[in-house]
S.K.: 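Input: one structure, supplied below.
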Amino acid sequence: MPTRLASCSCGRLTATVTGEPVRVSVCHCLACQRRTGSMFGQQARFRREHVVVCGASTEFVRIGDEGSCARFHFCPVCGATVFYRFDEMPEMVAIPVGAFADPGFPAPTVSVYETRKHGWVQPPPDAEHIP
């Protein structure tokens with residue numbers, strides 16, 4: 001099983017994961033665009049028992065369009081988000097793919113909120129596309 005390390009910019013908050021992600025997705029919602037400072041957010045979900053977090057984090061809670069609750073954990077020093085959890089999926093931990101700094105990371109298989117996608121962004125054609 002592969003082991004990967006996700007880290008904030010300063011290295012004080014890390015998440016070590018074992019195994020492959022359960023799901024890799026991109027989200028084009030406006031909240032993810034604001035949170036990442038990019039045109040979309042990309043996350044990999046792992047089973048909670050396969051993730052070990054080290055370091056202090058600050059939590060930001062966001063209520064989604066459908067009332068779901070996401071708890072983003074970011075480094076209190078550099079501000080980079082390293083992991084987040086969804087109240088309706090306590091068995092999962094989501095990690096921004098960019099936190100791995102691994103160009104060989106698996107491509108997304110799901111693309112959501114495509115109605116808010118920037119026109120020039122092209123998710124993988126074989127991914128599941130959700131408007």
Side-chain angles (χ1 to χ4, degrees):
M1 274 202 290
T3 299
R4 294 182 172 99
L5 177 68
S7 175
C8 66
S9 296
C10 71
R12 289 186 171 104
L13 177 60
T14 63
T16 303
V17 298
T18 55
E20 294 298 332
V22 173
R23 170 179 157 159
V24 179
S25 61
V26 291
C27 180
H28 305 277
C29 79
L30 300 179
C32 280
Q33 290 181 35
R34 286 187 181 105
R35 179 180 56 81
T36 64
S38 185
M39 285 60 60
F40 54 84
Q42 185 176 3
Q43 63 156 301
R45 290 184 194 168
F46 295 88
R47 297 207 56 81
R48 191 175 192 149
E49 63 268 20
H50 296 157
V51 179
V52 176
V53 173
C54 292
S57 70
T58 300
E59 182 181 79
F60 171 72
V61 178
R62 182 180 178 283
I63 306 299
D65 293 345
E66 298 165 0
S68 58
C69 183
R71 300 175 181 278
F72 296 91
H73 290 263
F74 60 93
C75 175
V77 176
C78 69
T81 300
V82 174
F83 69 97
Y84 45 106
R85 296 188 175 116
F86 304 101
D87 283 2
E88 72 274 5
M89 289 185 284
E91 73 282 3
M92 294 290 171
V93 175
I95 298 178
V97 171
F100 291 105
D102 176 5
F105 201 88
T109 57
V110 179
S111 176
V112 301
Y113 277 97
E114 287 196 340
T115 56
R116 297 180 180 169
K117 178 176 71 66
H118 288 238
W120 60 268
V121 173
Q122 299 301 316
D126 58 339
E128 178 183 359
H129 300 275
I130 302 171

S.K.: Taking all atoms of both residues into account, what is the closest heavy-atom pair of Asp102 and Gly104, and its distance?
M.R.: OD1-N, 2.8 Å
S.K.: Could you tell me whether Arg4 and Glu20 make a salt bridge, using a distance below 4.0 angstrom between a side-chain N and a carboxylate O?
M.R.: yes
S.K.: Kindly write out the residues that satisfy ring-ring contact (aromatic ring centres under 6.0 Å, His included) with Phe72, not counting sequence neighbours, or none if the list is empty.
M.R.: Tyr84
S.K.: Evaluate Phe83 against Ser57 for side chain to side chain contact (heavy atoms under 4.5 Å, CB included), listing each step before the verdict.
M.R.: CA-CA 9 Å; Phe83 69 97; Ser57 70; 4.3 Å; yes
S.K.: Between Val26 and Val110, is there shared hydrophobic-cluster membership here, with clusters defined by ILVMFWY side-chain heavy atoms closer than 4.5 Å?
M.R.: no
S.K.: Share the residues that join Leu5 in a hydrophobic cluster, the rule being Ile, Leu, Val, Met, Phe, Trp or Tyr side chains under 4.5 Å apart at the heavy-atom level.
M.R.: none
S.K.: Indicate, with yes or no, if Tyr113 and Ile130 share a hydrophobic cluster defined by side-chain heavy-atom contacts under 4.5 Å among Ile, Leu, Val, Met, Phe, Trp and Tyr.
M.R.: yes
S.K.: Begin with the C-alpha distance, continue with both residues' side-chain angles, and end with the deciding distance and a verdict on side chain to side chain contact (heavy atoms under 4.5 Å, CB included) for Phe74 and Glu59.
M.R.: CA-CA 7 Å; Phe74 60 93; Glu59 182 181 79; over 6 Å; no
S.K.: In terms of the angle between their ring planes, are Phe105 and Phe46 parallel, tilted or perpendicular, with boundaries placed at 30° and 60°?
M.R.: perpendicular
S.K.: Do the side chain of Gln33 and the main chain of Arg116 share a donor and acceptor less than 3.5 angstrom apart?
M.R.: yes
S.K.: Step by step, work out the side chain to side chain contact (heavy atoms under 4.5 Å, CB included) result for Ser25 and Thr109.
M.R.: CA-CA 6 Å; Ser25 61; Thr109 57; over 6 Å; no
S.K.: Can you name the closest pair of heavy atoms from Pro76 and Thr58 and give their distance?
M.R.: CB-OG1, 3.4 Å
S.K.: I need the minimum non-hydrogen distance between Cys75 and Leu13, along with the two atoms involved.
M.R.: N-CD2, 3.7 Å
S.K.: For Arg45 and Gln43, test the side chains for any donor-to-acceptor distance below 3.5 angstrom and give the result as yes or no.
M.R.: yes
S.K.: Which heavy atom of Cys32 sits nearest to which heavy atom of Gly41, and what is that distance?
M.R.: CB-N, 3.9 Å
S.K.: With rounding to the nearest 0.5 Å, note down the distance linking SG in Cys29 to CZ in Arg34.
M.R.: 9.5 Å
S.K.: Report the distance from atom OG1 of Thr3 to atom NE2 of His50, rounding to the nearest 0.5 Å.
M.R.: 10.5 Å
S.K.: Does Arg12, at its CZ atom, have more than 12 non-hydrogen atoms belonging to other residues, nucleotides or ligands within less than 6.0 Å?
M.R.: no
S.K.: Looking only at heavy atoms, which two atoms of Val61 and Cys69 are closest? And how far apart?
M.R.: CG1-SG, 3.2 Å
S.K.: Between Val22 and Phe86, is there shared hydrophobic-cluster membership here, with clusters defined by ILVMFWY side-chain heavy atoms closer than 4.5 Å?
M.R.: yes
S.K.: Is Val82 reachable from Val97 through a run of hydrophobic residues whose side-chain heavy atoms are each under 4.5 Å from the next?
M.R.: yes
S.K.: Is it true that Glu91 and Arg48 make a salt bridge, defined as a side-chain N closer than 4.0 Å to a carboxylate O?
M.R.: no
S.K.: Ignoring hydrogens, what is the shortest heavy-atom contact between Met1 and Gly19? Give both atom names and the distance.
M.R.: SD-CA, 3.8 Å
S.K.: So, His73 versus Thr81: side-chain donor-acceptor pair below 3.5 Å or not?
M.R.: no
S.K.: Should Phe60 and Ile95 be counted in the same cluster of Ile, Leu, Val, Met, Phe, Trp and Tyr side chains packed under 4.5 Å apart?
M.R.: no
S.K.: Starting from the C-alpha separation in whole Å, work towards a yes-or-no answer on side chain to side chain contact (heavy atoms under 4.5 Å, CB included) for His28 and Ser111.
M.R.: CA-CA 8 Å; His28 305 277; Ser111 176; 2.9 Å; yes
S.K.: Are side-chain N/O atoms of His129 and Glu114 paired as donor and acceptor at under 3.5 Å?
M.R.: yes
